[in-house]
Amino acid sequence: MARVVLDLERGNASKTPNPEARLNPEFLVEMYRLMYLSRRVDDREIMLKRQQKIFFQISCAGHEALLVAAALALKPGYDWFYPYYRDRALCLALGNTPEEHFLQGVGAAADTASGGRQMPSHWSNPALHIVSQSSSTTTQCLQAVGCAEAGRYFSRHPDAALVGEGDYRKFKNVDFHGDEVVYVSLGEGATSQGEFWESLNTASNAQLPVLFLVEDNEYAISVPVEVNTPGGNISRLVANFPNFHFAEIDGTDPVASYLAFEEAVAWCRSGNGPALVHGHVVRPYGHSFSDDVPLYRPASELDADSLRDPLPKFQMRLLREGILDAEAINRLEKQVDEEVRAAAERALHSPLPEIASIRKHVYSEDLDPTNPALATKPALSPDKQERTMADLINSCLSDELRRDPRMVIFGEDVADCSREENLQEGRVKGKGGVFKLTAGLQAEFGSDRVFNSPLAEANIVGRAIGYATRGMKPVVEIQFFDYIWPAMHQLRNELSVMRWRSNGTYSSPVVVRVPIGGYLTGGSIYHSQSGESIFTHTPGIRVVFPSNALDANGLLRTAIRCDDPVLFFEHKRLYRETYGRAPYPGPDFAIPFGKANIVRPGTDVTVVTYGALVPRALQAAQKAHREHGIETEVLDLRTLNPYDWDAIATSVRKTSRVIIAHEDMLSWGYGAEIAARIADELFDDLDAPVKRVAAMDTFVAYQPILEDAILPQPEDLFRAITGLSAY
Ligand SMILES: Cc1ncc(C[n+]2csc(CCOP(=O)(O)OP(=O)(O)O)c2C)c(N)n1
Ligand SMILES: [Mg+2]
């Protein structure tokens, strides 16, 4: 009965203007039932944790009223949800079952959130539109913003939602309504993170329908609110963001909370912009099972909090207002207790995940970017003009924007001109990137497909993940590799692991283009670094590093059509080099990942390399041939993850001597892994030690004589080649 009433009411607030009529007795009883259900799931989990039948517990206790109210004002499977780990009551009220929550605790194979890969309370449920959450306290905010942008994009470009062939779109069903709201929540402590403020920035600027909920229980583990929030009140700090609807409420009162959420949701749904609800709550069970609260909170404080516990408060109200009597409450609670007990029992007997399943969903199981069938030949065209790497990257981006209506490009300075009237009226020519790689794309494809981001790298990658979650293809740019670090949290803990942690139910196949590298004369320190091995050490991300124009074009096309996240490194020094230019290969030229290129065949020694060291290795090889008659085989890996082990092994078996050369620092660099594997698997084929040529273990310096000495030069490679040939 109550559920029926709820389904009629849910999300239809504006249709029934009289709150008294909406908040009828059945509705209030259902609110209480959901709050009590959430509390009892927590209590049962705590018991199971004590019995060591589950391995982690964090509760929703004290937040139930606020979260049930939020859920009932929104529509599961229609709106989108990025819930904090405290949000058990929200998830139950959206339609999660108690059994699903216990399956998480057990780490069962049938755990719908992660298949036993994540701690409990890390919510995920595609049918309800609950997006897989990590433990990182604030990464969800920017993703929610991107999710809202994607919803708006599809409503403006409905054709983009059609399933496409021949790329990732085949595996991404799009679901949008045009007036959906994106819910994202966090604790008051987490509002200290920069990404929270970056998300307010874009939600405000773009007037996005994002409903932020700050659950303020006055503590972040043991740290009180005044340490995290100057003045102790987040509402006061955010009050000047334009386009927002704000509400500060008693989150222990479900009725007041529900009315506040109705208004906030209506504001977002009608396209006015975002909303931020700041709910004051309590935390009666401490931070988590392992938290010893009396170490940092006096008994007087805890006693005061217990008077604000939403459960007894709401029960008293229902009794006082004659909505339920003691017997009815008893009956309801007994029913819930039994439901919870039975659900836990079932979960404890549920099969555990197979060890053999561990590697599943690190990458897409649907689309393999190493498939040789993806390879095409350059199209024959009358235009034989040799193009630079910069030209052919730009033409690939342009071709793919034309082919795939789900693709968008954003980043710092990538637009031609944000004040587009200046472009349209011919007052300016347009910039299109600090290296001009995106020049002309906004002018051709419009400002909702190619646009500038704020100067905030986490903003770029976090939003891109949100877009990709909805089935779009963001191809974003980090202006210089040296400034990728603010986005590192999103790259390492989110982008790379979204598919694995959700057991294959969510993914984020974003392309991140990153100009990288030195040899610039005058760019150092902070425009010249390398560091690719940090990302090849991150499972879930494909890492591409082309050395010439044609490879850049064909590999970028594979990256864009691919179903995995790709870090696409573009060496700045190679953008406009004479080396490696090529005619335009047509709009469908593609190179599969994981296939090395023998750029110079040889029999005496192998150089395994990539990027800017390819032309330098060739120079050294030619000199070694000229002066000593040594035949060097130069292998350009082209993609670093996956990499072409077969090509390396074949070459090493032939030459028995190998050098791995890269521009990045020597120690713990990319070459260390390749060298170790050669030593392990090809030991019997070697006639000499495995050698590496790489940068010094320092940063890259500004003064050209220092930069030259720090970075590996053709002369260093020449010495290594001749040295090895002496064995
Ligand atoms: C980025 C990050 N830093 C630190 C942590 C460890 N941590 C987990 S919860 C938490 C406190 C969060 O407090 P708050 O946001 O107020 O939420 P509450 O637990 O009070 O609901 C911390 C420090 C984390 N998970 N992520
Ligand atoms: Mg808190």
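The figures that follow rest on heavy atoms only: side chains count, while hydrogens, waters and symmetry mates do not. In each ligand, atom 1 is the first atom listed, and ligand 1 is the first ligand listed.
Under 4.0 Å is where a charged nitrogen must lie from a carboxylate oxygen, and between Lys473 and Asp563 no such pair does. A salt bridge is defined here as a Lys NZ or Arg NE, NH1 or NH2 lying under 4.0 Å from an Asp or Glu carboxylate O, and Asp291 with Arg283 meets this definition.
Within 4.0 Å of ligand 1, counting heavy atoms only, the contacting residues are Tyr84, Tyr85, Arg86, Ser135, Ser136, Thr137, Gly187, Glu188, Gly189, Ala190, Gln193, Asn217, Tyr219, Ala220, Ile221, His287, His489.
Under the 6.0 Å distance and 45° angle rule, Arg499 does not count as a cation-pi partner of Tyr363. With a 6.0 Å cutoff to the six-membered ring centre and a 45° limit on the axis angle, Arg44 does not count as a cation-pi contact of Phe102. A cation-pi arrangement is found for Arg39 relative to Tyr285, the charged atom lying closer than 6.0 Å to the ring centre and inside a 45° cone about the ring normal.
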task: Take Glu248 and His280 through the test side chain to side chain donor-acceptor pair (under 3.5 Å) and record every step on the way to the result.
output: CA-CA 8 Å; Glu248 183 176 2; His280 291 279; 2.7 Å; yes

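Backbone or side-chain N, O or S atoms of Asp216 do not reach the Mg ion (ligand 2) at under 2.8 Å.
The atom of Glu188 that is an N, O or S and sits closest to the Mg ion (ligand 2) is OE1.
Taking the ring centroids of Phe480 and Tyr526, they lie at or beyond the 6.0 Å cut-off.
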